[in-house]
Structure formats: C-alpha cells, structure tokens
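Before any comments, here is the structure.
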Amino acid sequence: VGAVPVGRYPSTLEHELFVQAFLAAVTEARVDRSMIDALAVCSPRPYCDQGYFSTFMAGFLGLTLTELLVEILGNGMTGGLAFDTAVETVRSGRARVAVAVGVSRETQVRSDTHMETTMRSVGDIDFHSPLGVTPISWYALNATAYMHNYAVTRRELAAVAVKNRSHAAINPLAQYRNPISTDDVLAARAVSEPLHLLDVSPRSDGAAAVVVTDDATARRLGHDVLVEVRGRGFAHEGVHQVPSTPRPVDQLFAPETAAAAAYGEAGIDPGDLSFAEIYAPTSIVEVLATESLGLIARGDGAKAAVAGTTSLGGRIPVCTSGGCLSRGHPPMVTPLYNVVEAVTQLRHAAGARQVPDARLGAVTAELGDYNGAIVHVLGRTS
Amino acid sequence: VTTTDPRPIPGTVPRDEAFTRPFWQAAAEGRLTTTRCRPCGRLQFPPRIVCVHCWGRDSVWQELGGTGVLASFTEIHAGPAVFAEELPYTIGLVDLDEGLRVAARIDARFTDLRLADPVAFAARSRNGTPLLTFVPTNRR
C-alpha cells in the first residue's frame, strides 16, 4: 500500500499525487512494472483538468497492461469499487498483480461552489436539488431522527469526533492531528443542524494505492506477513437518497446486507473483528454504521463512543486512522485510505495506534445516504 | 462579443418537462399531486413515467391531501453558493397521510420543530418557479 498524507495540495497536480502513491505502493510490494496486469483507477473530481485520467496515467508511466485498465466512478464508493475490481481481477485468475489507485483533489475550489455540483448528485435534480440539499444535509436528517428516538445529545455524539481526533493525532497520514475537546465540537459553527463543523469531514486532497496479488506471487516476492481478502459484500437498496415510502430514518440498511454477505463469506461473526475502518463522513454515520455492521447494539452507537468502546483500547476500535473526520476525506479515494489503514493494522505496523494482535478487520465504503455499501473483511496470514 | 446563457443554473429550478408539468402547475396553486399506477394501484413520489413498485407505465394523476408529519428535519447553514442569500434554510422529510415520503423545504427554524410535528403543503415559489414547501400546523 502507499498513500500521501491527507491534506491540502493546492499546487500539486493530480498526476504528481498519483505517482507518489502509486510508486510508494509498488515499491513496498516489490512488484516490477512488468508484473502488473491490471490497473483500476478512481475517477477523479471534475476539477481534474486532464480528461481520461486513467489512460493518461498509463501513458505517463509507460505502463503496459494485459488484463485491465479501467476508470471507476461509484460516487463515494469509487475507491471501494476500485479495490474490489483489483481483488476480483486477481481472484478470478485473470491477473497476477492488480493495482487500485486514485487521486481526489478538490480544495482548490471553494466549498460553496463545490456544492453547486454536489447538490445535483446527492438528490433528484428536479425534486431535491432546488431545495438546496447538500451531501451533509441528508446525514443531518439521520442525526435529528436518531437523537430524538434514542435520546442522544449533541454532547454524546461529539464523542465520536473527539475519539477520531485522538486516533488521528498518532497517524502520520492524518490531516488534522491537534487534540480537540467535546466543548470544541459543541462550540463549532453549524453546518447542517444538528451537525456542526467538527461533526463533519474536512475538505481534503489525497492519493492512495493498493497492490493486490495472489498468494503464490506474494510469497515469491518475499512477503512473510500477508493481508488476505476473506470476505466481500455489496448492497444497493434501489433508493437515491429518499425512498418513495416511509421507513426509519435512524438506521442504515445497505451496510447491514453487505456486511452479512461479507461476514458469511469470511465465515465470521462481527464479534470476531479486531477493528473496523468505516467510511463515515459525519459522526452520525459512524454511529449508524457501527450499529448496522453489528458491532454495537441498535441505539447504543453514540453512547459506545462516550464509553470508549470504539476507541483504541476499547472492545472494537473504529476508525483507528482518525476516520473521515480527522484523517481527512478525499471522497474518491477515502475507501483506499481505509484499506491502507486496515493493512497497516493487520501487519502490526501501526505503531502507537496499533490494535493489539489485530487478526481481522472490516473496511466499508458507501454512496448516497449509505443507500449503497460495500464491505470487505481483511485478515492477517503469517 | 458576450452572450448570456438564458438557462438557469442546473439544479436550481425543476426542469420544464411535459410529463411533470401538471405537477408543477398544481404545486403553483398550492395543490400537491402525484401519480397512481393503474396496474398495481399504488402511489409513488415523485411522480414518474414508470411505477417504482411494478414498472407499470400506465398512471393517472391524483390529488393528495397535502398534510403529513415530519419524519426528520435539518437547518442548512453551509449551502451551495447559488442559495447563499436564503441561508439558513430548513429542509425536512414529510411522511404524507397517503403513505408517501417527500423531501421539502420546511418554513420554520430548526429549534422550533419536533419530530412528528404535523405539517401542510404551501404554495411557495422562487423566481416564479414552485419551491416544494411545508409549514407546521401546530404553531406553539
């Protein structure tokens, strides 16, 4: 795996960030360029001036491919699908080595201008966008309902942000590493009530790459400790943000289905997981996702964060990287950063934020209001 | 030479389309409508040319009561630049009496609302185009 620290790169262009992450990953994997059969590239943000970015990059690197070169767009799930594509290409036997890689860069554009684009994506352009919806507003609707139904306070929800910042403080790839307090979260300006600035992701640039290979090739390359994909699940519920008929607003359905499939394939229960690296662009999403993944009982997600259950040292550490809130959230590649963190944990190379004896971890990616989810279970083999 | 693009910024107003025109005309008059599928008899929202439940393509327009309850709500303080002058504004999910869920503007501040508050559809517009809006009917 390879990644640049999440942050702001106002003067580093997409292809430069790509090269850094890509070469870091293939160098670490000891993969020679002639071995790479497939390249799955995350579609970049619309602000990437270079069109057909994936083939441009193959040309930029002089990388010949015999199995697949593809540019993938799956909204927030993009990086998860790029990883999934690389995995499936290897699992099917069509490729020995596949690389999932992506760049997401958007901080050169003002957030209110950026939202003029995203408002047309996270809703029906005729029936939702004219209301002035934003990506965060949908999650805020989840939060209002959840906080009411389970009598959860903003102070309790803030524990998620404080916990993630404490994890980010010891992650060299994280964008925000200075400690924050519950009071800081409560005092931050409102973004979409009841969510305030520190309850939501920052705006971020980033680039990450993951090298996937079969077991025999990995051994031949001299790797003693391997991280295996043990299970995979996907679900989309046929809803674009709002269903036509009422249902609970305070729970997420797609990750429950996807996780059940992933756990089933891996032959595990959620209680077997050592940690989970969750795609959660707001505090409330982490709460709801931990519940849908079966890590925390329904209604207890925020209270579990308060109790330290999801902190490093707790029963099931969640987002040891600092998560979207503090590691940072370059959306098109956030799922690859989640894989990078999971691999680092499973190699027992996470240093101060190491989960002791980590054996199994789950990573997720989502799109919409978690209307679609993909879950991978990764395991350590030595 | 300068030219002015007469089209509004995409996403700021509903597009004019033959199928949905009756919906927006009714909305301008304060009446909420949608399509009922003839083959399966079910309602859906928004109105569509195909039934989301059975993929039937034969539907009729039906008037709705325009009343329901708040399933959730949020007050947006950071929004798209084109809506900057309207900030902060409130949007919500309204569960209509007919068993449909509608996303809409809610004409109230966040702190004045409670879950399950009753609301009613109201004729509101922006620049001459209907803006789907509900108002609370239990003003405290």
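Each chain gets a letter, A, B and so on, in the order its sequence line appears, and its residues count up from 1.
- Heavy-atom pairs under 4.5 Å with chain A peak, among T129(B), L43(B), L93(B), T34(B), at L93(B).
- In this structure, chain B has no heavy atom under 4.5 Å from any part of D250(A).
- Counting only N and O atoms by type, the side chains of E237(A) and N371(A) include a donor and acceptor under 3.5 Å apart.
- Per-residue counts of heavy-atom pairs under 4.5 Å with chain B were compared for M119(A), M115(A), E193(A); the largest is that of E193(A).
- Of the listed residues T134(A), L195(A), V191(A), the one with more heavy-atom pairs under 4.5 angstrom with chain B than any other is V191(A).
- Using a 3.5 Å distance cut-off with no hydrogens or angles, the side chains of R120(A) and S129(A) do not pair a donor with an acceptor.
- Distance check, rounded to the nearest 0.5 Å: OG1 of T20(B) to CZ of R48(B) gives 12.5 Å.
- R110(A) does not touch chain B: none of its heavy atoms, backbone or side chain, sits under 4.5 Å away.
- By number of non-hydrogen pairs under 4.5 angstrom with chain A, the leading residue of T133(B), L87(B), I76(B), T90(B) is I76(B).
- Shown here are the side-chain hydrogen bond (donor to acceptor under 3.5 Å, both in side chains) partners of S111(A), two or more places apart in sequence or in another chain: there are none.
- Ranked by heavy-atom pairs under 4.5 Å with chain A, the first of G11(B), P46(B), A78(B) is G11(B).
- Using a 4.0 Å cut-off between a side-chain N of Lys or Arg and a carboxylate O of Asp or Glu, E29(B) and R31(B) qualify as a salt bridge.
- A donor-acceptor contact closer than 3.5 angstrom links the side chains of E291(A) and Y146(A).
- V52(B) touches chain A through its side chain: at least one heavy atom from C-beta onward sits under 4.5 Å away, while N, CA, C and O do not.
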Which donor-acceptor pairs under 3.5 Å do the side chains of residues 281-289 of chain A make with protein atoms, sequence neighbours left out?
{"from": "T282(A)", "atom 1": "OG1", "to": "V285(A)", "atom 2": "N", "distance (Å)": "3.3"}
{"from": "E286(A)", "atom 1": "OE1", "to": "N164(A)", "atom 2": "ND2", "distance (Å)": "3.0"}
{"from": "E286(A)", "atom 1": "OE2", "to": "K163(A)", "atom 2": "NZ", "distance (Å)": "2.5"}

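- Only the side chain of V242(A) comes within contact range of chain B, judged by heavy atoms closer than 4.5 Å.
- Only the side chain of F110(B) comes within contact range of chain A, with heavy atoms under 4.5 Å apart.
- Each of L197(A), T144(A), N149(A) has some count of heavy-atom pairs under 4.5 Å with chain B, and the biggest count is that of T144(A).
- Partner Y47(A) forms a side-chain hydrogen bond (donor to acceptor under 3.5 Å, both in side chains) with one of R105(A), H114(A), E14(A) and no other, that one being H114(A).
- Between chain B and the options N142(A), V133(A), L141(A), T245(A), heavy-atom pairs under 4.5 Å are most frequent for L141(A).
- Residue F45(B) touches chain A through both its backbone and its side chain, counting heavy-atom pairs closer than 4.5 Å.
- Between chain A and the residues P88(B), P10(B), A71(B), the largest count of heavy-atom pairs under 4.5 Å involves P10(B).
- Of all the listed residues (G238(A), G132(A), A145(A)), the one sharing the greatest number of non-hydrogen pairs under 4.5 Å with chain B is G132(A).
- The aromatic rings of W61(B) and F19(B) sit tilted, their planes meeting at an angle between 30° and 60°.
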